[in-house]
Structures are given as structure tokens and as C-alpha cells.
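First up is the structure itself, then whatever we jot down about it.
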Amino acid sequence: MPELPEVEIVKRSLFKMINKAKIIDVKIYNRNLRYKIPLTFRQSLIDEKFLKISRRSKYLIFYFRKKILLVHLGMSGKLLIMRESDNKIFKTSFYYDLNLIHKHNHIYFKLNNNLVLVYNDVRRFGFFKLYNTTKTDKIKFLKKLGLEPFSKKFNVKYFKEFTQKRKKNIKNLLMDQSFISGLGNIYVNEVLFMARIRPIRSCNDLSQHEIKKLISSTKKILKFSISKGGSSLKDFKNALGKSGVFQQFFYVYGRQNKNCSRISCKGKIKKILIANRSSFYCNKCQS
DNA sequence: ATAAAGTCCTGATAGC
DNA sequence: TGCTATCAGGACTTTA
């Protein structure tokens, strides 16, 4: 899940807890993440201080004096904070609960503020890459990304220019990180529902009105989710962090065969496969 | 057993 | 035919 809203919340949490902290040790239990972590990783990070933490798309960017640590959480990556005095664990986002299996804790960053930053990832699709530069335009993963959804440049003109020669369906277009970066399979479904557009529609076949609606829905859905994540941070200290809390906000994702969330709509939510990913839409109000 | 939130790579296809 | 852009599908991995 970690799509843009989840990663944004991780970033905000980490900023509060570890910004300006210094790494005093790194322990790696499994180097085999998406990209193998090199043997030099530990030594290159010891004594480095977190100077800034930012997010681009679904990537976290940790800035050090002359280095950047780029982190992607893949599908199941989680960053946790552990307090050394009592080993108490703190979540950094709302998309997971604390019933984590210890053997999937792959990396520990021991900090000088009595906290340990822990990376847990069941599927190991996430990655950590360290760069000897502080310039993000040197990093290939970031260079190829399209606009941030909240950018003012994400407008009708941009949409039309990008889709002029393309005919892929609108769902896959929104999933394409070189078009708009940050949406994943869950939020794409939610956005299309809000915009009342069927996921299989061709992207160069939308009306001006539909394009406008799609753009505003994208921004709204993401903002709403960030705000929900923000408020769920209140029970940050609740070690029983309940799973599924965020899911109650989904309009269509995972709701196949259920009634449409629009009170006035009598439609049913359908589930189909598009590019091998589950796609959900209302058969009545999305056309 | 089938499916899962993400991205990269490859091979196929379309169009010039 | 050849080049390029685009696109779909598979691969990666572990768990429930």
C-alpha cells in the first residue's frame, strides 16, 4: 500500500521523531531487498545526521551532509521507531498494525536520541539506496517521475498533451508514475469512482469536464487520505494499533458485490482485472 | 491455492 | 525494413 498518502504520513512522523538525530550504528539482518544492500552501507551512514526528510511520489528522501538515502517501501515495507529504554514500538503511518513478525525486521538504525529506526518488509520489494550527492536530479528513480499530483501544473492542458498520442485506459494512465507520480492501485480506483469514470475508458476519449473532474478528484482523494492519516496519528502510542482503520474510508476498493457508496445510486461495485490488477467500479454511476 | 498495496524488464505491436 | 514509442504481461517474494 504505501501510496502517496501513507508515505507522506511516514515522512511527517519521522520528521518529528528523528530529524537532526545522528546515526550511531546500523545493523543489517537481510541485505536482499529489491536491490542488494552493499557491504559499505553501514560504514557510510555511521555518524551521519538526518538534516532533512522529504517525499517525492512514493519515495522517501533522507538528506545528510553530502549524501542522500533514497527509500522505497515497495508493497509491504514499514518504518518503525523503537524506544531503546523499553523496546516499545511506535508506528510511523496508519497503513499497518503492530503485529509485525520479527524476522522481517531487516535493518536497524541506532540513533543518538535513544530511538532505533527499524525497517520491516515481508516481501522485500522495498529498497534503500545511498548516493554520494545531495542533488535529486542525479538520481534515476526520481528523474523519470511525472508531476506530483498536488502540483499546479497537473491541469487539463498537461493531461491533454500527455494523452494526445496515447490510448491506454485511464486506470493504467493514472498508475503510470511518469504521468502522475504517487497514485497506486487503491487510490486510482478511488479517484475514478469520485470522478464517475470507468477504469477501462480510453484516456484520450475523456471530455473536458471529465478531465477536470478527474484532476480535482485526484487531489481531493489524496488530501483526504493524508488528513485521515494525520488524525489517526493521535493514537500513535496505542500499541494495539488496529488494522483496517483506514480501509473504512474506501469507496470502491475491496468492495466488490457491495452497494455503491453513493446514497442515491442503486449500483453495485464490480471487480475486474486490468493489467492483472484488481479494479473496482460502480456499474451505474461510473460510465 | 490464489491474491496482495509497487516497479522493472522484456517482448510484442503500432506507426512513421 | 528499421526505428521509436507505447503497452501488456511476467517476474520478484512471502503470507494468509
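Proteins come first, then strands; the chains are lettered A, B, ... in the order of their sequence lines, and each starts at number 1.
- Counting only heavy atoms from C-beta on, A:N276 has its side chain closest to C:dG10 among B:dG6, B:dA4, C:dG10.
- Using atom P as the reference point in both C:dT13 and B:dC9, the two lie 15 Å apart (nearest Å).
- Counting non-hydrogen atoms under 4.0 angstrom, A:K144 reaches the backbone sugars and phosphates but no base.
- Using a 4.0 Å heavy-atom distance criterion, A:R166 is classed as a sugar-phosphate-only contact.
- You'll find that the side chain of A:S278 is closest to B:dA4, out of B:dA4, B:dC8, B:dT7.
- Computed from coordinates, the A:M75 CE to C:dA11 P distance equals 15 Å when rounded to whole Å.
- Taking the side chain of A:N172 as heavy atoms from C-beta on, and the options C:dA8, C:dG9, B:dC8, the nearest nucleotide is C:dA8.
- Heavy-atom distances to DNA chain B give each of A:F125 and A:K167 a nearest nucleotide, and the one nearer the 5′ end belongs to A:F125.
- Here A:R277 does not reach the OP1 or OP2 of B:dA3: none of its side-chain N or O atoms lies under 4.0 Å away.
- In this structure, A:E48 pairs ionically with A:K67, as a charged nitrogen and a carboxylate oxygen lie closer than 4.0 Å.
- Distance from the side chain of A:I186 is smallest for B:dA5 among the nucleotides B:dA3, B:dA5, B:dC8.
- When the side-chain nitrogen and oxygen atoms of A:Q177 are compared with OP1 and OP2 of B:dG6, none of them lie within a distance under 4.0 Å.
- Annotation: cation-pi geometry not satisfied between A:K138 and A:Y131 (NZ/CZ under 6.0 angstrom from ring centroid, within 45° of ring axis).
- The residue among A:N169 and A:K103 whose nearest nucleotide of DNA chain C is located toward the 5' end is A:N169.
- Of all nucleotides present, none satisfies the Watson-Crick or G-U wobble test against C:dT13 with each distance under 3.5 Å.
- The pair A:E210-A:R201 counts as a salt bridge, with a side-chain nitrogen and a carboxylate oxygen less than 4.0 angstrom apart.
- The gap from the C1' atom of B:dA5 to that of C:dC7 amounts to 22 Å, rounded to the nearest Å.
- To the nearest angstrom, C1' of B:dA5 lies 13 Å from CG of A:L183.
- A:F127 comes within 4.0 angstrom of no nucleic acid atom, judged by non-hydrogen atoms across all strands.
- Using a cut-off of 4.0 Å between Lys/Arg side-chain N and Asp/Glu carboxylate O, A:D121 and A:R124 are scored as not salt-bridged.
- Environment of CZ in A:F41: crowded, with over 12 heavy atoms of neighbouring residues, nucleotides or ligands closer than 6.0 Å.
- A:K58 comes within 4.0 angstrom of sugar-phosphate atoms only, judged by non-hydrogen atoms across all strands, and of no base.
- Ion pair A:K219/A:E148 not flagged as a salt bridge, since none of the NZ, NE, NH1 or NH2 atoms sits closer than 4.0 Å to an Asp/Glu carboxylate oxygen.
- Residue A:K36 places none of its side-chain N or O atoms closer than 4.0 Å to OP1 or OP2 of C:dC12.
- A donor N or O paired with an acceptor N or O is not found under 3.5 Å between the base of C:dT14 and the side-chain atoms of A:R124.
- Between the CG atom of A:L33 and the C1' atom of B:dG6 there is a distance of 14 Å, rounded to whole Å.
- Closest contact between the side chain of A:R123 and the listed nucleotides C:dT6, B:dA5, C:dT13 involves C:dT13.
- In terms of position along DNA chain B, the nucleotide closest to A:F280 lies nearer the 5' end than the nucleotide closest to the other residue of the pair A:S57 and A:F280.
- Partner assigned to C:dC7 is B:dG11, using Watson-Crick or G-U wobble distances below 3.5 angstrom.
- Between the CD atom of A:Q164 and the P atom of C:dT6 there is a distance of 12 Å, given to the nearest Å.
- Phosphate contact (OP1/OP2 of C:dT13, side-chain N/O of A:H104, threshold under 4.0 Å): absent.
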